[in-house]
Amino acid sequence: MRTALVIAALATAGAGASAAEPVDIELVLAVDVSLSMSPAELGIQRDGYAAALLDKAVLDAIAGGAYGRIAVTYFEWAGNTSHQIVVPWTIIATRSDAERVVSRLTANPPASARRTSISSALEFGADLLAESPFKSAKRVIDISGDGPNNQGTPVTEIRDQLIEQGIIINGLPLMTNGGYSSAYDVPDLDAYYSNCVIGGPGSFVVPVNDWEQFPEAIRRKLVLELAAAPSSRPPIIYAQAETPYDCLIGEKIWRNRSWMWDSR
């Protein structure tokens, strides 16, 4: 029995060692599915990421890296207990790899959930990076959302902790004013993300003002993250730490919600 356990342990150790292969980037895609978004909009998000991962420019950017491969995981989030992994850590080096990721993205429809906790999503993303079986010099959490943090730890506190760990946070604020309710929206969500959410060397925000822009925004954002292409950058806002902004605006709106629906 002891011999069997030793053999099993050695096999597990060997599998872990072989899995810890180097990649150019460990990329966490954290996608908002709060109730403020309609089923159609949730579908647009899934389809947008699927199309981007199969785009030639994205695949060329992956192939152009030092190792020619990246590790990616995709999860959907809402409140501080709503985190659903759709794609576990997966290597993408070829179109076939990307197609396998896309098959997972399109296998089942997304499900929405209550509230908006960006801070908890960032913590969950950091946990995924800590558990990653791969290694890289660049670890990124790419977070999208259509409203400010209104649940959990203040987002700046978590952001600062992750930056200290060497994690880069990029943002995709969805300024589409669609979905079921805009009661918890802020008109300058891009500025909120720029000042309160993103961080780390070269961190950036790609605002989406219309759902028709979403697929192209995802494609360009991934190319920018993977290859830092200077010629086709999307509209971006770089972090401005010196710009004053109330990063607790989402929490304050939530506290004053007596006349609002308890949705997001």
Side-chain angles (χ1 to χ4, degrees), residues 15-16 18-34 37 39 41-63 65 67-79 81-113 117-118 120-136 138-145 162 167-172 174 206 208 214-215 217-226:
S18 62
E21 62 181 292
V23 294
D24 292 304
I25 181 173
E26 292 165 275
L27 179 61
V28 177
L29 301 175
V31 181
D32 182 11
V33 293
S34 56
M37 301 178 68
E41 291 169 340
L42 297 179
I44 290 172
Q45 287 194 117
R46 285 273 191 99
D47 292 344
Y49 279 98
L53 290 171
L54 292 174
D55 189 90
K56 183 179 184 300
V58 173
L59 294 174
D60 287 347
I62 293 172
Y67 295 104
R69 56 184 178 267
I70 67 170
V72 63
T73 182
Y74 180 111
F75 78 93
E76 293 172 335
W77 63 273
T81 59
S82 301
H83 308 108
Q84 180 65 41
I85 297 175
V86 179
V87 180
W89 281 113
T90 304
I91 285 282
I92 299 180
T94 65
R95 183 177 180 86
S96 295
D97 296 333
E99 288 173 347
R100 282 192 287 272
V101 172
V102 168
S103 69
R104 285 181 174 269
L105 283 179
T106 56
N108 300 294
S112 57
S117 183
I118 299 173
S120 293
L122 291 177
E123 287 183 300
F124 189 80
D127 287 343
L128 289 175
L129 286 168
E131 298 166 0
S132 168
F134 306 102
K135 58 183 179 181
S136 70
K138 187 176 183 181
R139 298 181 298 158
V140 177
I141 298 176
D142 189 337
I143 188 162
S144 69
L162 268 56
I167 297 172
I168 299 169
I169 305 167
N170 294 328
L172 189 79
L174 306 174
V206 180
V208 176
F214 188 83
I218 294 297
R219 185 190 72 82
R220 292 186 177 182
K221 178 179 59 61
L222 289 177
V223 170
L224 181 62
E225 286 171 331
L226 298 173

[atom1]-[atom2] distance between [X] and [Y], expressed to the nearest 0.5 angstrom:
X    : Y    : atom1 : atom2 : result
L129 : I167 : CG    : CD1   : 5.0 Å
S132 : D127 : OG    : CG    : 12.5 Å
K221 : N170 : NZ    : CG    : 7.5 Å
I62  : I25  : CD1   : CD1   : 9.5 Å
L162 : I168 : CG    : CD1   : 11.5 Å
I92  : L226 : CD1   : CG    : 9.0 Å

How far apart are the closest heavy atoms of [X] and [Y], and which atoms are they?
X    : Y    : value
F134 : A71  : CD1-CB, 3.5 Å
A57  : R219 : CB-NH1, 3.3 Å
A98  : L53  : CB-O, 3.4 Å
L172 : A217 : CD1-CB, 4.5 Å
P110 : G43  : CG-N, 4.4 Å
M37  : E41  : CA-OE1, 3.4 Å

Just to verify, what does D24 make a side-chain hydrogen bond (donor to acceptor under 3.5 Å, both in side chains) with, not counting sequence neighbours?
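In terms of side-chain hydrogen bond (donor to acceptor under 3.5 Å, both in side chains), with neighbours along the sequence ignored, D24 is linked to no residue.
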Under the side-chain hydrogen bond (donor to acceptor under 3.5 Å, both in side chains) test, residues paired with R104 that sit two or more places apart
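Once residues adjacent in sequence are excluded, R104 has no partner under the side-chain hydrogen bond (donor to acceptor under 3.5 Å, both in side chains) criterion.
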Side chains of [X] and [Y] in contact at under 4.5 Å (non-hydrogen atoms):
X    : Y    : result
Y49  : S144 : yes
Q45  : L174 : yes
L128 : I141 : no
V28  : W89  : yes
V33  : W77  : no
L222 : L27  : yes
D97  : R69  : no
T90  : Y74  : no

Any chance you could lay out the side-chain contact (heavy atoms from CB on, under 4.5 Å) test for D55 and V223, step after step, and finish with the verdict?
CA-CA 10 Å; D55 189 90; V223 170; 5.7 Å; no
Please work out which of the three classes, parallel, tilted or perpendicular, describes the rings of F124 and H83, given edges at 30° and 60°.
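It falls in the parallel class, under 30°.
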Criterion side-chain contact (heavy atoms from CB on, under 4.5 Å) on F214 and D47, from CA distance to verdict:
CA-CA 10 Å; F214 188 83; D47 292 344; over 6 Å; no
Quick one: do E21 and I91 satisfy side-chain contact (heavy atoms from CB on, under 4.5 Å)? Show the steps, please.
CA-CA 10 Å; E21 62 181 292; I91 285 282; 4.1 Å; yes
Give a yes or no answer on whether the side chain of K138 reaches the backbone of E225 with a donor-acceptor pair at less than 3.5 Å.
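Yes, because the side chain of K138 sits within donor-acceptor range (under 3.5 Å) of the backbone of E225.
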Give a yes or no on whether the backbone of S34 and the side-chain of S112 come within a donor-acceptor separation of less than 3.5 Å.
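Not at all, since once roles are kept as given, no pair shorter than 3.5 Å links the two residues.
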List in chain and number order the residues that pass salt bridge (Lys or Arg N to Asp or Glu O under 4.0 Å) with E76, two or more places apart in sequence or in another chain; answer none if no residue qualifies.
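Testing E76 for salt bridge (Lys or Arg N to Asp or Glu O under 4.0 Å), a comparison that skips the adjacent residues, returns R46.
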